[in-house]
Structures are given as C-alpha cells and as structure tokens.
Amino acid sequence: ALRRQQLSDQLVRLQAPGLTAEEAYRRADGLIGEVDRVLRERQASQLQQLWPSPINPANWPEAIAMLGDVTVKLWTESATRWTRGDGRRALFDNLPLIALLVILGAGLLSQGRRVVEPLRARLPQPKTARGRRDLGLLSSLMQVLLPPLGAMALSEALLRTGLAGPIGITLIETLPGLVFVLVAANWLGNAVFQVDHGGDAALSLQMERRLEGRFLARMFGLLIAVESVRQQIGLEVGASDAANAVLGFPVLATTAVLLFRMGQLLRRHVTAEVAGEEGPSYGIRVLGLMARGVMLAGVAGLVLGAIGYIAAAPAMVFPSVLSLALVAVLFVLQRFIADIYGLITRSDAADQEGLVPVLIGFGMAVCSLPVFAVVWGARWADITELWQRFLAGFQIGATRVSPTDFLIFAIIFGAGYALTRLLQGALKGTILPRTSLDQGGQNAVVSGVGYIGIFLAALIAINSAGIDLSGLAIVAGALSVGIGFGLQNIVSNFVSGIILLIARPVSEGDW
C-alpha cells in the first residue's frame, strides 16, 4: 500500500506539467477563437458599410482636392530634400551607380524581347508542334522575368537619389510589383488567347475574339496596377471615405465592365464546345458556371459600387479577376504538363485527356484551393490552422491516424512491393531456369514469392506507420461472415489457384 501510494504521488507529479500545458493550450485556443470571431465580424461590418456615393457630384470636389494635395506633396517632398542639400548630396555621391542602374533597368524593360528572341533562335528547334509550343512557353517566361528585374533596378536608382519622400518612396517600392502584374497579365493573355496557332488554340474562339481576350487581359493587369497605386497613396495620405469612393469607382466600374465582357467570351467558347460534342464534359460545365459567375460579379460589383458599397464591390470584382488569372495559370500548367508527358512517352495520343496529365492537373487544382481562399478574403492564419489540424489526423479508437502515417505506409509498402517484383524477376530470369524445376514449378515459386512479399510488405508498412489493428479485430470478425458469403466464389477460386500452384495436378506444358 505504501509503495502504491508513492507511485501514485510520483504519477501525479509527472502528469502535472502535461495537464498544465493542456489547460494553457485550451485557454490560448479559446482566446484565438475569440480574436478570429472579432476579426470576422469586423470584416463583415466593413463589407456592409455604406460609403458616400461616387456618382454624387457633391463628393467630387473632395476627391479632386485630394489629387491636388498628393501632387503638391510629391513636389514639395523632392524640392525640400533638394533645397536642404541632403538629397542633392545623395544624388551626386551615388551618381555613377544611379546611371548604371538606370541603363540596366531601361535596357531590361525595353530590350527584354530582343534579348530573348536571339537566344530562342539559337536553341535547337523541336520537330513536333508540341515541342515547339513548350519551347515557346519556356522562352516567353524570360520575357516575364526580365522587365520586373529592370523595374527593380530603376526603383533602386530612384531610391539612391535621396530625393523621394514618404509618398515617393511608397510609389517607388511598388514599381517592380506593378511591372510584374502588367507583364504577367500580358503573358497570360498570350498563352490563353493564342492568335497564331490556328486549330491548336486553347479556346474555341474566332480570331477577333481572341484578340479581344488578349486586350482584356492586358487591361486587367493595368487596372489592378492602378488600383494598387491608389490604395497605397490613400493609405499614405489618409484619404477620406468620399475621396476613396470617387477615385476608386472609375477603376472599379471599368474592371466590372471588362469582367462582364470576359464572361461573355468564355460563354462563347462553352457554346462552341457544346455544339461540337454530343454532351458537354465536366470541365466545360465548370467553365460555363465560371463564366456566369464572373458576369454576375461584374454586374453586381458595378451596381454596388454606384450605390456606395465601396468595400463590398471591390471584394467581389477584383477577386473574380484574380480567380480568372489563377485558373488561367492552372490551365497553362496543365497544358504544359500534358505536352511534356507526350514528349516523354513519344505518343501522339498522350494529350490533355491522358490519365497522368489529368491526375497531375487534379492535384494542382487541389493544391490551389488555399490560394483561392486567400484571394477571396481568407487569412493565411486560418489556412495554416486548418493545415495543422489536417496534419494532426483523426482518432480511431486508441490510435490517431494522420496523413503522415498514410505517407509512411505508402512509401514502405511501395518499397516492399518493388523489392518483391525485383526478387520475382531475379528468380524467374536468373535463378530458377538453372534449377531442375519444370516450368510449372518455376511459376508456382514465383507466384508464391509474390504473395508472401506483398503480405509482408503490407504488414511491415502497417507496423511502421504505427496503425494499431487490434481494435479492428472484432469488426473484422463480424464482417468475415458476410464477406465469406458474399465473396465465397472469389475466395474459392483463389484457394483453388493456390492448390493448383502447390499440388500442380495440371502444369504448363500438359495436354
């Protein structure tokens, strides 16, 4: 009894830190949940807020005054730093570096295409249309990367002058991102709405409509860049609600109209695909729903913005544009992976409808779901929390099963299965032919090794993954009766095959 009491006291002392940690975790989890609730309520309240109407002329003078103030502040900041001398000294001290950065940036911005085209011409040209398309896509990526690098050089040169104030620094720091948005939108438009590929075009649209699609893609990039600049300046100068509403509505209205037109182009493609097939495929149906969704978002965003819901309207229009861009990226990657798979397999039949490219595309679509969630207002903290809960797994009896366990099981079972196949190949091709066994005996040994190897691989994988199957013993015993009745013919045939392999009353070569 005394020893039992000592062990009980020791157990209590050892369990105390764990209980304290669990209590602290629950308290922190409750606080985090409360903070998340407050943030969601604040976001919902902001979306429901009615701002001053941008179409009301009474609010226009305030916006015009804000534009004048920003222009004056930009000039005053630079002039003040020049007059005080610190900006002038920084300019003269860094003049050689500034000149080098300006030349480099201007060259990358203006001559990026001329730099890439000679490099592409020197590369060996593939013989197939699929290879030429992949080479063109890879070379066009260089045209996306070079202009932002040039913008970074120009941005660094402007910062080195020392003449920029707070507003100027804000604009200069956003320059590389704006250039990247512009060139990325142009690249996506060229990749999705091809003009020079004829029957190999991604969308079933006429030449004029594809040209319009490329124009819409460029305009989306320009409008997103302008909206980003407006928001940065508004935050820097502390613009009023009326000024933000009036200055943001032209960009919002233009984006909504172009979004509606993009939805119409997608609808044209869906109609053309449906007319050329017996029944629309799943992808075409999803694209049709997406087209209706972006058209509805464009109309609703325009109406809400005109009324004065300046927070709700951009939260509907611009995420729709970004979602279209993300879908376009997934489409281009899917097409590129299908082409690469076709080149590797050297089969013209391995196109976008092949199993491997479709599975890879499905995996990319699943992995892109968190990005879609962030685009539509979710916080990265919510995404990471869901991911941590997913990694923690779920409880089955006394065993917790996590995705890591499934991954370990798949890796170990795959390794065991591969080793079994290698051993079977060695036995069948090298060892058994040199023995006195006939062909039937050799097949029996190879098949038996295969069954034993797969069983051992599954058993080792289950034990390595830490999956406890003892809790399933009762369920398996209860189901065995039903399985025995339902699968008795299959089990009978399997056992008969094993008996034929072992006893060999009939073997290969008999008549």
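When atom types are taken as modelled, the side chain of Ser155 and the backbone of Ala151 share no donor-acceptor pair closer than 3.5 angstrom. Counting only distance, with no hydrogens or angles, the side chain of Asn463 and the backbone of Leu459 share a donor-acceptor pair below 3.5 Å. At distances below 3.5 Å, not a single donor-acceptor pair connects side-chain atoms of Ser45 with backbone N or O atoms of Arg42. Looking only at distances, no side-chain donor or acceptor of Thr420 sits under 3.5 Å from a matching main-chain atom of Gly450. Side-chain N or O atoms of Ser228 include none that pairs as donor or acceptor with a backbone N or O of Leu178 at under 3.5 Å. Counting only distance, with no hydrogens or angles, the side chain of Thr174 and the backbone of Leu171 share a donor-acceptor pair below 3.5 Å. Within the 3.5 Å criterion, the main-chain N or O of Ser240 finds a donor-acceptor partner in the side chain of Asn244.
The two residues Pro433 and Leu427 make their nearest non-hydrogen contact at CD-O, 3.6 Å. The minimum heavy-atom distance linking Pro54 with Gly308 is given by the pair CD-CA, 4.3 Å. The shortest heavy-atom contact between Ser323 and Val375 is OG-CG1, 4.0 Å. Closest of all the heavy-atom pairs between Leu47 and Ala312 is O-CB, 3.3 Å. Heavy-atom minimum distance, Ala313 versus Gly305: CB-N, 3.6 Å. In terms of heavy atoms, Ala381 sits closest to Thr384 at O-OG1, 2.8 Å.
Here the side chains of Ile307 and Leu50 are in contact, with some heavy-atom distance below 4.5 Å. Looking at heavy atoms from C-beta onward, Trp187 lies in side-chain contact with Val332 at the 4.5 angstrom threshold. Considering only heavy atoms from C-beta on, Leu2 comes within 4.5 Å of Gln6 through its side chain. Here the side chains of Asp36 and Arg40 are in contact, with some heavy-atom distance below 4.5 Å. Put simply, the side chain of Leu175 does not reach to within 4.5 Å of the side chain of Met152, judged on heavy atoms. Taking 4.5 Å as the limit, every side-chain heavy atom of Pro147 sits out of range of all side-chain heavy atoms of Leu108. Side-chain contact between Phe455 and Ile460 is absent, with no heavy atoms from C-beta onward closer than 4.5 Å. For the pair Leu423/Val449, a side-chain contact is recorded, criterion being any heavy-atom separation below 4.5 Å from C-beta on.
Taking CZ of Phe362 as the start and SG of Cys367 as the end, the distance is 10.0 Å to the nearest 0.5 Å. The CZ atom of Arg230 lies 9.0 Å from the CG atom of Leu235; values are rounded to the nearest 0.5 Å. With rounding to the nearest 0.5 angstrom, the CD1 atom of Ile32 is 8.0 Å from the OH atom of Tyr25. Separation of atoms CG (Leu500) and OG (Ser496) is listed at 7.0 Å; rounding is to 0.5 Å. With rounding to the nearest 0.5 angstrom, the CD atom of Glu173 is 6.0 Å from the CG atom of Leu159. A distance of 6.0 Å separates CD1 in Ile454 from CZ in Phe413, rounded to the nearest 0.5 Å.
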- Query: Run the side chain to side chain contact (heavy atoms under 4.5 Å, CB included) check on Leu259 and Leu324 step by step: do they pass?
  - Reply: CA-CA 10 Å; Leu259 186 64; Leu324 284 178; 3.7 Å; yes
- Where do Leu432 and Val445 land on the side chain to side chain contact (heavy atoms under 4.5 Å, CB included) test, with the steps shown first? CA-CA 9 Å; Leu432 293 179; Val445 172; 4.1 Å; yes
- Message: One pair to check against side chain to side chain contact (heavy atoms under 4.5 Å, CB included): Leu182 and Ile224. What are the steps and the verdict?
- Response: CA-CA 9 Å; Leu182 292 175; Ile224 291 176; over 6 Å; no
- Message: Run Asn489 and Phe494 through side chain to side chain contact (heavy atoms under 4.5 Å, CB included) and show every step you take.
- Response: CA-CA 9 Å; Asn489 290 331; Phe494 179 76; over 6 Å; no
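For the residue pair Gln10 / Arg13, no side-chain donor-acceptor distance below 3.5 Å is found, with atom types taken as modelled. Side-chain polar atoms of Glu227 and Gln231 form a donor-acceptor pair below 3.5 angstrom.
For CD of Gln46, the number of neighbouring non-hydrogen atoms (other residues, nucleotides, ligands) closer than 6.0 Å is 12 at most. Within a 6.0 Å radius of CZ in Phe372, other residues, nucleotides and ligands contribute more than 12 heavy atoms. Within a 6.0 Å sphere centred on CH2 of Trp387, heavy atoms belonging to other residues, nucleotides or ligands number 12 at most. With a 6.0 Å radius and a threshold of 12 heavy atoms from other residues, nucleotides or ligands, Arg4 has its CZ atom at or below the threshold.
Salt-bridge check for Arg26 with Glu23: failed, with every basic side-chain N at 4.0 Å or more from each acidic carboxylate O.
Aromatic ring centroids of Phe220 and Phe318 lie 6.0 Å or more apart.
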